[in-house]
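Below is one structure; the comments refer to it alone.
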Amino acid sequence: MKSVKIILMSLVAVLLVSCGTTSTVPITGRKQTLLVSDGEVLSLSTQQYQQYMQSAKASTNSTNTAMVKRVGQNLANAVTSYLNSNGLSAETQNYAWEFNLVQDKQVNAWCMPGGKIVVYEGLLPITQDEASLAIVLGHEIAHAVAKHSAERLSNEYKNQYGTAILGAVVQGAGVSEKTQALLSLGQSLGGALWTSGFSRKQESEADHMGLIFAAMAGYNPQVATSFWQRMAAQSSGSGGLFSDHPSDEQRISDIQKWMPEALKYYKPQTTIKASSTSKTSKTSKTSKTSKTSKTSKTSKSSTTSKKK
């Protein structure tokens, strides 16, 4: 009877995994299996985001707030354009981009699925300029585009079923309680290691994608190196065995490795310059027209005088 129970639980777990959706992460091409739908994730994240924003204090610095929204929207436009150009236009329906600057001294920023992004004021002294801010926002946007939250939630489901199956197997084999406790501890540690490692993979992927998103939006990706060096200087530690982020050294090394790829997408922003040039040309044209009109008027006067 116990063996039948074990087999049934195993079949349920296999069925659960096989029912998942396999998708490809943009830019990196990594394959992922998701056991939750976009709708389920968006529903959960929207609730959490609304609760947070009700208690958060929006920044009173209008200049910095406008900068965060401007840089964020430039990135969102670039990402939307990329998705539309690569047969992923259906994905754009999952995003309603919002960029917020809140009063918090922490050096941090985060993104909810669906494109709800929050930047803490404590981050701006480290970013120092718009291009570096674009590196951060590109990283956060990448988490949403790569569906990292859905992937983590899917893996939690897998872990829960794995724990239930292991418990049934151990009990069915007649293992002593002491041995069961040791196995349970070993699995917990193994799960923590695996989860942390997976999170580091996600963070690294977000660094990669974010670098390219920033370049697509017209921000120089080369500022990423100096930005992460500044982050490392104020950081109290680096990524360890159970850390969910890569070490500062590894992060900078990876960014330098991806830089040639990012630079292929980089086209400096020319909107302001083009507008200024256009205005100048218009002024010149007007000036020229005025001069011509004046000349014509003079000529006419001369002709009139001559007739007289």
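These numbers were taken from a predicted model, which means no experiment stands behind them. Residue numbers run from 1 in the order of the sequence given.
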What do the steps show when you test W228 against D207 for side-chain contact (heavy atoms from CB on, under 4.5 Å), and what is the final call? CA-CA 11 Å; W228 284 113; D207 282 346; 4.0 Å; yes
Can you hop from I126 to V136 via hydrophobic side chains spaced under 4.5 Å?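 As far as the 4.5 Å side-chain criterion goes, V136 and I126 are connected within one cluster.
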Would you kindly confirm whether L123 and I255 end up in one hydrophobic cluster when ILVMFWY residues are joined by side chain heavy atoms under 4.5 Å apart?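 Yes, one cluster joins them.
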Please examine the side chains of [Y] and [X], heavy atoms only from C-beta on, and report whether any two atoms are closer than 4.5 Å.
| X | Y | value |
| --- | --- | --- |
| Y82 | I212 | no |
| R251 | M231 | no |
| L211 | M259 | yes |
| T92 | N84 | yes |
| M209 | H139 | no |
| N100 | V119 | no |
| I141 | V145 | yes |
| E98 | I117 | no |

So, taking the atom named [atom1] in [X] and the one named [atom2] in [Y], what distance separates them when rounded to the nearest 0.5 Å?
| X | Y | atom1 | atom2 | value |
| --- | --- | --- | --- | --- |
| Y95 | K116 | OH | NZ | 12.5 Å |
| K201 | S204 | NZ | OG | 10.0 Å |
| N86 | I27 | CG | CD1 | 7.5 Å |
| E40 | S45 | CD | OG | 12.0 Å |
| L34 | S154 | CG | OG | 5.0 Å |
| T60 | Q103 | OG1 | CD | 5.0 Å |

Please find the pair of heavy atoms, one from A150 and one from V41, that lie closest to each other, and give the distance.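 For A150 versus V41, the nearest heavy atoms are CB-CG2, 3.7 Å.
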For the residue pair R230 and T127, what are the closest heavy atoms and their distance?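 Minimum heavy-atom contact is NH2-O, 2.9 Å.
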Side-chain atoms of residues 214-224: list all donor-acceptor pairs with protein atoms under 3.5 Å, sequence neighbours left out, distances to 0.1 Å.
unit_1, atom_1, unit_2, atom_2, d
Y219, OH, N74, ND2, 2.8
Y219, OH, Q269, NE2, 3.4
N220, OD1, Q222, N, 3.0

If the test is side chain to side chain donor-acceptor pair (under 3.5 Å), which one of R152, H143, H148 qualifies with Q202?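 Among R152, H143, H148, the one that satisfies the side chain to side chain donor-acceptor pair (under 3.5 Å) with Q202 is R152.
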So R200 and Q250, side-chain contact (heavy atoms from CB on, under 4.5 Å) or not? Walk me through it. CA-CA 11 Å; R200 285 195 295 272; Q250 184 63 51; over 6 Å; no
Share the residues that join Y120 in a hydrophobic cluster, the rule being Ile, Leu, Val, Met, Phe, Trp or Tyr side chains under 4.5 Å apart at the heavy-atom level.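 ILVMFWY cluster around Y120 also holds Y49, Y52, M53, V102, W110, M112, V118.
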Start with the C-alpha distance between H208 and D254, add both sets of side-chain angles, then the distance that settles side chain to side chain donor-acceptor pair (under 3.5 Å), and finish with yes or no. CA-CA 8 Å; H208 184 181; D254 286 339; over 6 Å; no
Tell me, with the steps shown, if Q73 and N77 meet side chain to side chain donor-acceptor pair (under 3.5 Å). CA-CA 6 Å; Q73 194 56 56; N77 292 341; 3.0 Å; yes
What verdict does the side chain to side chain donor-acceptor pair (under 3.5 Å) test give for D129 and S132, after you've listed the backbone C-alpha separation in whole Å, the side-chain angles of each residue and the deciding distance to 0.1 Å? CA-CA 6 Å; D129 53 51; S132 296; 2.9 Å; yes
Salt-bridge criterion met for E205 and R30 (N-O under 4.0 Å):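 Yes, this pair counts.
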Is the shortest distance from a Lys or Arg side-chain nitrogen in K147 or E91 to a carboxylate oxygen in the other one below 4.0 Å?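 Result for this pair is yes, salt bridge flagged.
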L133 and F227: side-chain contact (heavy atoms from CB on, under 4.5 Å), yes or no, with the steps? CA-CA 9 Å; L133 177 61; F227 165 70; over 6 Å; no
I'd like a table of donor-acceptor pairs (distance under 3.5 Å, sequence neighbours excluded) in which one partner is a side-chain atom from residues 62-69, with atom names and distances.
unit_1, atom_1, unit_2, atom_2, d
T65, OG1, N61, O, 2.8
K69, NZ, F99, O, 2.9

